[in-house]
Amino acid sequence: MLKGPIIGIKKVNRETPINLDLRCQMIFRNVLDGIGKTPVVKLSRLFNDPRFEVLAKLEMANPGGSIKDRPAKYIIERGLADGSIGPRSHIIESSSGNFAIALAMICSLHKLRFTAVVDPKMSPTNRRIIECYGGNIELVTEKDRQGGYLETRIERVKSMLREQPDAIWPNQYANERNWQSHYYGEGEELLHDFDYPPDYLVLGVSTSGTIHGITRRLREAWPDLKVIPVDAFGSILFGTPPAVRELPGLGASRVPELLKREELGQAIHVDDYESAVACRQLVKYEGIFAGGSSGSVIAAIQRICASLMKPARFLTILPDRGERYLDTVYNDQWVARMKERHLARTLKIFTETTLEQKV
């Protein structure tokens, strides 16, 4: 069971006194104080088998719309506090999605310049959000040796650092403050939310900051917790070959410095079509309008439940909202194209398996 009181609704009339202290506690100094303390929801409609309990922390409830608000705030504000980031610093980061949006929001409030180094896969919606916050866009178009753009984007960041003496690279792929933000953030919050531990922690992996931060904190209290990383089909994070993938926010075309595979369990790979189907199920059954990587973890949990023979309690994170995926996950034509790719891959695997069995 989740901890915490059930808050009822009390009718207020002219005679009902207002608790001014409570009211003041609900007023933040600015929007950044609203980052964190996100709700946990039981997905009882989508997972209606009584043997399984699936609990999801809604990181989409952060002010910037995603889990990336946490590391962006932590990295920038710690940097300002210790002097590694100055009042005239120019923050430059390789990101086409949520981390860039979070940095744009936070830099705007701290009056810092920000540039996102992006690639052609960036959605027009994300670009517009960054620009609304006052961020700049630096576009790279050359693919890297893995067929993606990550290495190319990082090389552009490094060249900008050489050219601009006031430039600072947060480097979410190697910055220890990335995973620390989740250790002291969601990890700490979840320990206060639960009265007994889940059996499985199922989390998506990209920079690996989220999964390592949460896992390291929770395992201090729950050492038997089973951690299952979820990677994108086509990502190379766990030693699989690169392949075409379109959804951002999950997987990578290079292994980040933060990733420690030995701390994690066997990865489950989910392709773009499976992620989209699960996202649409979240909307249909739970009323949760989530982004692509949320669908990925839901699809992974569904796969695990299909093979489990005993009851289990699952905990996962839904990283962002669905508005940024209207042109992909929630576009019927895009999903049909991903379905064709999914079926072709499934047929190829079936054919190869059948031939091996005959031999």
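Between the side chain of Asp199 and the backbone N or O of Leu225, no donor-acceptor pair lies under 3.5 Å. In this structure a side-chain-to-backbone donor-acceptor pair under 3.5 Å is missing from Thr215 to His212. Side-chain atoms of Thr207 do not come within 3.5 Å of backbone N or O of Tyr173 as any donor-acceptor pair.
Rounded to the nearest 0.5 angstrom, Arg261 CZ and Ser208 OG are separated by 10.5 Å. Thr316 OG1 to Leu318 CG: the interatomic distance, rounded to the nearest 0.5 Å, is 6.0 Å. Expressed to the nearest 0.5 Å, how far CD of Gln333 lies from OG1 of Thr328 amounts to 12.5 Å. Interatomic distance, OG of Ser206 versus CG of Leu250, reported as 7.0 Å (0.5 Å rounding). Summarising the geometry, atom CG belonging to Leu55 is positioned 7.0 Å from atom NZ belonging to Lys42; distances are rounded to the nearest 0.5 Å. Here the straight-line distance linking atom OG of Ser108 with atom CZ of Arg113 works out to 14.5 Å at 0.5 Å rounding.
Proximity of the aromatic rings of Phe289 and Tyr330 is defined here by a centroid distance below 6.0 angstrom, and this criterion is met. Taking the six-membered ring for Trp, Phe314 and Tyr200 have ring centres closer than 6.0 Å.
Electrostatic pairing of Arg216 and Glu220 does not count as a salt bridge here, judged by no charged N lying under 4.0 Å from a carboxylate O. We find that Asp271 and Arg345 are joined by a salt bridge, their nearest charged nitrogen and carboxylate oxygen being less than 4.0 Å apart. Residues Arg254 and Glu151 are not paired through a salt bridge, judged by the lack of any N-O separation under 4.0 Å between the basic side chain and the carboxylate. By the 4.0 Å N-to-carboxylate-O rule, Arg341 lies close enough to Glu246 to be salt-bridged with it. Residues Asp82 and Arg177 are paired through a salt bridge, judged by an N-O separation under 4.0 Å between the basic side chain and the carboxylate. Between Arg321 and Glu323 there is a salt bridge, since at least one side-chain N of the basic residue sits less than 4.0 Å from a carboxylate O of the acidic one. The residues Glu186 and Arg70 are annotated as salt-bridged, a charged nitrogen and a carboxylate oxygen being separated by less than 4.0 angstrom. Classification of Asp69 and Lys73 as a salt-bridged pair fails, no side-chain N sitting under 4.0 Å from a carboxylate O.
The shortest non-hydrogen separation linking Val118 to Ile137 is CG2-CG2, 3.6 Å. Looking at every heavy atom in both residues, Ala243 comes nearest to Phe233 through CB-CE2, 4.0 Å. Scanning all heavy atoms of the two residues, the minimum distance from Ala232 to Arg245 falls at CB-CD, 4.1 Å. Looking at every heavy atom in both residues, Gly292 comes nearest to Val329 through CA-CG2, 4.1 Å.
Judged by distance alone, the side chains of Arg153 and Tyr149 never bring a donor and an acceptor atom under 3.5 Å apart. Side chains of Gln172 and Asn175: no donor on one and acceptor on the other come within 3.5 Å.
When the side chains of ILVMFWY residues are joined at heavy-atom separations under 4.5 Å, either directly or via intervening members, Leu161 and Ile168 end up in two distinct hydrophobic clusters. Cluster membership for Ile67 and Trp179, using ILVMFWY side-chain heavy atoms within less than 4.5 angstrom, is not shared. Leu315 and Val205 end up in the same hydrophobic cluster when Ile, Leu, Val, Met, Phe, Trp and Tyr side chains are linked at under 4.5 Å. Hydrophobic clustering (side-chain heavy atoms under 4.5 Å, transitive across Ile, Leu, Val, Met, Phe, Trp, Tyr) keeps Ile75 apart from Trp169. If you chain together hydrophobic residues whose side chains sit under 4.5 Å apart, Leu139 and Met122 fall into the same group.
For the side chain to side chain donor-acceptor pair (under 3.5 Å) test with Tyr325, the passing option among Asp320, Thr125, Asn126 is Asp320; the others fail. A side chain to side chain donor-acceptor pair (under 3.5 Å) with Asn98 holds for exactly one of Lys68, Arg324, Glu59; it is Arg324.
Inter-residue side-chain proximity for Pro63 and Val31 is flagged as met; some heavy-atom pair is nearer than 4.5 Å. Between Glu263 and Pro229, the closest side-chain pair of non-hydrogen atoms is not below 4.5 Å. At a threshold of 4.5 Å between non-hydrogen side-chain atoms, the residues Glu189 and Lys57 count as touching. Between Leu259 and Leu264, some side-chain heavy-atom pair lies under the 4.5 Å cut-off. Put simply, the side chain of Leu190 reaches to within 4.5 Å of the side chain of Ile214, judged on heavy atoms. In this structure, His269 and Val230 have side chains that are not in contact, with every pair of non-hydrogen atoms separated by 4.5 Å or more. The shortest side-chain heavy-atom distance between Asp327 and Pro124 falls under the 4.5 Å cut-off. Considering only heavy atoms from C-beta on, Glu93 stays 4.5 Å or farther from Val117 through its side chain.
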Handout entry: Trace of the side-chain contact (heavy atoms from CB on, under 4.5 Å) decision for Ile91 with Cys107
Key = CA-CA 8 Å; Ile91 307 301; Cys107 287; 3.7 Å; yes
Practice task
May I have the step-by-step check of side-chain contact (heavy atoms from CB on, under 4.5 Å) for Gln302 and Leu46, ending in yes or no?
Solution key: CA-CA 10 Å; Gln302 289 173 329; Leu46 182 54; 4.0 Å; yes
Problem - CA sep, side-chain torsions, deciding dist, call: Val202, Ile304, side-chain contact (heavy atoms from CB on, under 4.5 Å) - result: CA-CA 10 Å; Val202 183; Ile304 297 167; 4.2 Å; yes
Exercise for the section: Output, in order, the C-alpha distance, side-chain angles, deciding distance and verdict of salt bridge (charged side-chain N to carboxylate O under 4.0 Å, His left out) for Asp119 and Lys121. Expected result: CA-CA 6 Å; Asp119 59 59; Lys121 292 169 65 177; 5.9 Å; no
Exercise for the section: Check the pair Tyr133 / Phe114 against side-chain contact (heavy atoms from CB on, under 4.5 Å), numbers first and verdict last. Expected result: CA-CA 10 Å; Tyr133 279 123; Phe114 171 67; over 6 Å; no
Exercise for the section: Could you go through the salt bridge (charged side-chain N to carboxylate O under 4.0 Å, His left out) check for Arg303 and Glu274 one step at a time? Expected result: CA-CA 11 Å; Arg303 200 182 298 177; Glu274 294 169 307; 3.2 Å; yes
Problem - Stepwise salt bridge (charged side-chain N to carboxylate O under 4.0 Å, His left out) test for Asp272 and Arg337 - result: CA-CA 10 Å; Asp272 290 339; Arg337 186 161 56 86; over 6 Å; no
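The stretch residues 285-298 participates, sequence neighbours left out, in these side chain to side chain donor-acceptor pair (under 3.5 Å) pairs: Ser275-Ser296.
Ring pair Phe194/Trp222 is perpendicular by interplanar angle, where above 60° counts as perpendicular and below 30° as parallel.
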